[in-house]
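Structure first, then comments.
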Amino acid sequence: MKLSEYPKDGRFGPYGGRYVPEILVPALEELEVAYEELKEDPSFKAELGELLRDFAGRPSPLYFAGNLTRHAGGAKIYLKREDLIHGGAHKLNNALGQALLAKRMGKRRLIAETGAGQHGTATAIAGAVLGLRTEIYMGALDAQRQRMNLFRMELLGAKVHLVESGSRTLKDAINEALRDWATRVRDTHYLVGSVVGPHPFPMIVRDFQSVIGHEVREQVLAREGRLPDLLVACVGGGSNAIGTFFPFSDDPGVGFLGVEGGGDGVRGSAPLSQGEVGVLHGMRTYLLQDEWGQIAETYSIAAGLDYPGVGPEHALYRDLGRAEYVAVTDRQAVEGFRLLSRLEGIIPALESAHAVYAAVARARELGPGGIVVVTLSGRGDKDLETVYGL
Amino acid sequence: MGCERIAEAFARLRGRGEGALLVYLVAGDPSPERSLDFLRAAARGGADLLELGLPFSDPVADGPTIQAAGLRALKAGTTPETTLELAALLRQDTDIPILIMSYYNPILRMGEEIFCRRAAACGVDGLIVPDLPPEEAAPLAHAAEEEGLALTFLATPETGEERLRAIAQRTQGFLYLVGRYGTTGARGSLAPETIPLIRRVRALLPDGMPLAVGFGLSRPQHVRGVIAAGADGAVVGSSLVEKVAQGASPEGLSALVGELKGATRS
């Protein structure tokens, strides 16, 4: 079976599925039906296309990073500039798509989880422009380290709920959003922010994020006349990575490198590199967990990577060897952050800085003549306090 | 044992014209030792079935009370193994059915077959897994069947007629009806949807299939209300877990269970 044909029956090989409380099953079935209908609907596609172009700023540029390429001394490095999308990250691609879907389904209220605050901000933006009430769940610890995004969401009209349970980070925000959804499933759409959760979310989010990879394909062909050798992206839940990889999934010559948060070397958030298979948040996938199946408290300097699970499609790619996954530590990510700022005049999100660091090493290994594309998933203004607080 | 013990319990109560009181407590809350005292007290007080909650780090179907209890139990060192040991100790004192209510991941982690074998050996009669709808349940259902354990499924206010019939076919022991939208947690009154929902579901269920209603029930009048509407059993959890958190004694808990049990007879 071709990789582009997944999911089949809601699964990516053995991963994915729909492990949720019974009360949510009908809503997921309804969402799947509505999505399958609307994704082919010309008026839906036209409306989303216009929003992506005129409001979000697509297509985003593919930038040849000459200085970084010279620094690495190997393959050419291109940056896919999702940091230039409205809101400052790739998250808006999915938020606009799902918000429009929710509106067509007659839902009046959006809820979302957020880690770094980028997805919460994107959802707040989409809710504002499409006239939907928006409420965001954010771990209290994340809110402390991402105060500016908290203010942005409130300014955009979203109500932000700080989550004090568990590790007070992204996984707990997802738990709380799922509880909210079980309470108000009739009038509410849960706008899941990554390629995680129960089917059909990993598929829907992937499809909406695939605009990244489709543009890369066109842009790199126009520029180089051939496909790249390697695509590099950071992986928290994995939406910018799968959005980049998926349109190339049936091109065996294009390698994929997913970069997870290695944390401080003791604690990290790299389930594909260090985890084991389990079930959390509606999906079967790789998880960081203890010997009894209790979910681990994760850590990464990048709030957007600080999650114990990962999208089920990545779990499949890992098992098949279609993508390689590595962990980059906090310290290395900050090195990537400073490097790109200094050499290219681009301050990357700390999440994306993980990918930058790994890409430089790979470009060197690939050598001259190779082509590497790094997805710069977001901009780093939000991270200045974190980096200077080190 | 297993499925039969649950079926017999409901049949016996039905013969007496009583409803069943199902009591939920979190295993290991506030500590494994004291938890056993509370579980014994619940059985003594008149619980007809016991649901033993297996503490999990990410309980998405639970409200704040049971979340906090699970956290206390985990901090006190409770593991799935501890939960099974508590069931075994409880089994030495009582013949009433014991069910384990657990999220799926701890079961998956131990291995479905090992978990079911251990549970059956500890005198557990059934499993309720709130994040495992029937579509995903085949491996666990198979393992449970091998050991004679009931795997009980849930229905909710969102469950339509066709799906309800399918769930009723698959569930064992009884059908667990989530009586309201949202998560577990004590409320002052029944939700407006609860009573009409019970009538609708009862009418669609085969006669021999017991129906137990939970989520949001806390007072004797709630128990009386759902039984009068056609339920065979009422599940009370959070309000009792809350009493444990507030420092109630086992005797105090037993008395409360007695009052709730009284409401199944009127």
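Here the structure is a predicted model, which is why all the values come from computation and not from measurement. All chains are named by letter (A, B, ...) in the order of the sequence lines, taking the proteins before the strands, and each is independently numbered beginning at 1. Keep in mind that the numbers below use all heavy atoms, side chains included, and drop hydrogens, waters and symmetry copies.
By the 6.0 Å contact criterion, CD on B/E147 is enclosed, its count of non-hydrogen atoms from other residues, nucleotides or ligands being greater than 12. The environment of CD in B/E85 is crowded: more than 12 heavy-atom neighbours from other residues, nucleotides or ligands sit within 6.0 Å. Around CD of B/E162, the count of heavy atoms belonging to other residues, nucleotides or ligands within 6.0 Å does not exceed 12. The number of heavy atoms from other shown groups lying within 6.0 Å of CD (B/Q169) does not exceed 12.
For chain B, no part of A/E297 is nearby; none of its heavy atoms comes within less than 4.5 Å. In this structure, chain B has a heavy atom under 4.5 Å from the side chain of A/L280, while its backbone stays farther away. The part of A/P26 that comes within reach of chain B is its side chain, from C-beta onward, which places non-hydrogen atoms under 4.5 angstrom from that chain. Neither the backbone nor the side chain of A/D180 comes within less than 4.5 Å of any heavy atom of chain B. Of the atoms belonging to B/A137, not a single heavy atom falls under 4.5 Å from chain A. Proximity to chain A (any heavy atom under 4.5 Å) is restricted, for B/I167, to the side chain, taken from C-beta onward. Residue A/R184: no heavy atom, backbone or side chain, is found under 4.5 Å from chain B. Only the side chain of A/L287 comes within contact range of chain B, judged by heavy atoms closer than 4.5 Å. Contacts between B/P55 and chain A at a heavy-atom distance below 4.5 Å involve the backbone alone (N, CA, C, O).
B/E135 CD to A/D9 CG: the interatomic distance, rounded to the nearest 0.5 Å, is 11.5 Å. Rounding to the nearest 0.5 Å places CG of B/D62 at 10.5 Å from CG of A/N175. Distance OG/A/S167 to CG/B/D58: 7.5 Å, rounded to 0.5 Å. Between the CD atom of A/Q294 and the CG atom of B/N105 there is a distance of 8.5 Å, given to the nearest 0.5 Å. Taking NZ of A/K171 as the start and OG of B/S57 as the end, the distance is 5.0 Å to the nearest 0.5 Å.
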| Where do B/V60 and A/E176 land on the side-chain contact (heavy atoms from CB on, under 4.5 Å) test, with the steps shown first? | CA-CA 7 Å; B/V60 293; A/E176 213 47 44; over 6 Å; no
| Would B/E158 and A/R186 satisfy side-chain contact (heavy atoms from CB on, under 4.5 Å), going step by step from the backbone distance to the final call? | CA-CA 9 Å; B/E158 282 287 287; A/R186 283 277 169 88; 2.7 Å; yes
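Residues B/R163 and A/E29 are in side-chain contact: their nearest non-hydrogen atoms beyond the backbone lie under 4.5 Å apart. Taking 4.5 Å as the limit, some side-chain heavy atom of B/P80 sits within range of a side-chain heavy atom of A/W292. Between B/P106 and A/Q289 the shortest side-chain heavy-atom distance does not fall below 4.5 Å. Residues B/F56 and A/I295 have side chains in contact (heavy-atom distance under 4.5 Å, counting atoms from C-beta outward).
Taking all atoms of both residues into account, the shortest heavy-atom contact from A/I23 to B/R180 is CD1-O, 4.0 Å. Nearest heavy atoms, A/E22 versus B/L154: CG-O, 3.3 Å. Taking each heavy atom of B/Q67 and A/S165 in turn, the nearest pair found is OE1-CB, 3.8 Å.
When each of A/V277, A/L24, A/D290, A/I174 is checked for heavy-atom pairs under 4.5 Å with chain B, A/D290 comes out on top. Contact count versus chain B (heavy atoms, under 4.5 Å) is highest, among A/V20, A/D172, A/V25, for A/V20. Chain A forms the most heavy-atom pairs under 4.5 Å with one residue out of B/T159, B/T183, B/T79, and that residue is B/T79. Most heavy-atom pairs under 4.5 Å with chain B, from the set A/A182, A/G17, A/A27: that is A/A182.
Test B/L108, B/L132, B/V129 against A/Y19 for side chain to side chain contact (heavy atoms under 4.5 Å, CB included) and you get one pass: B/L132.
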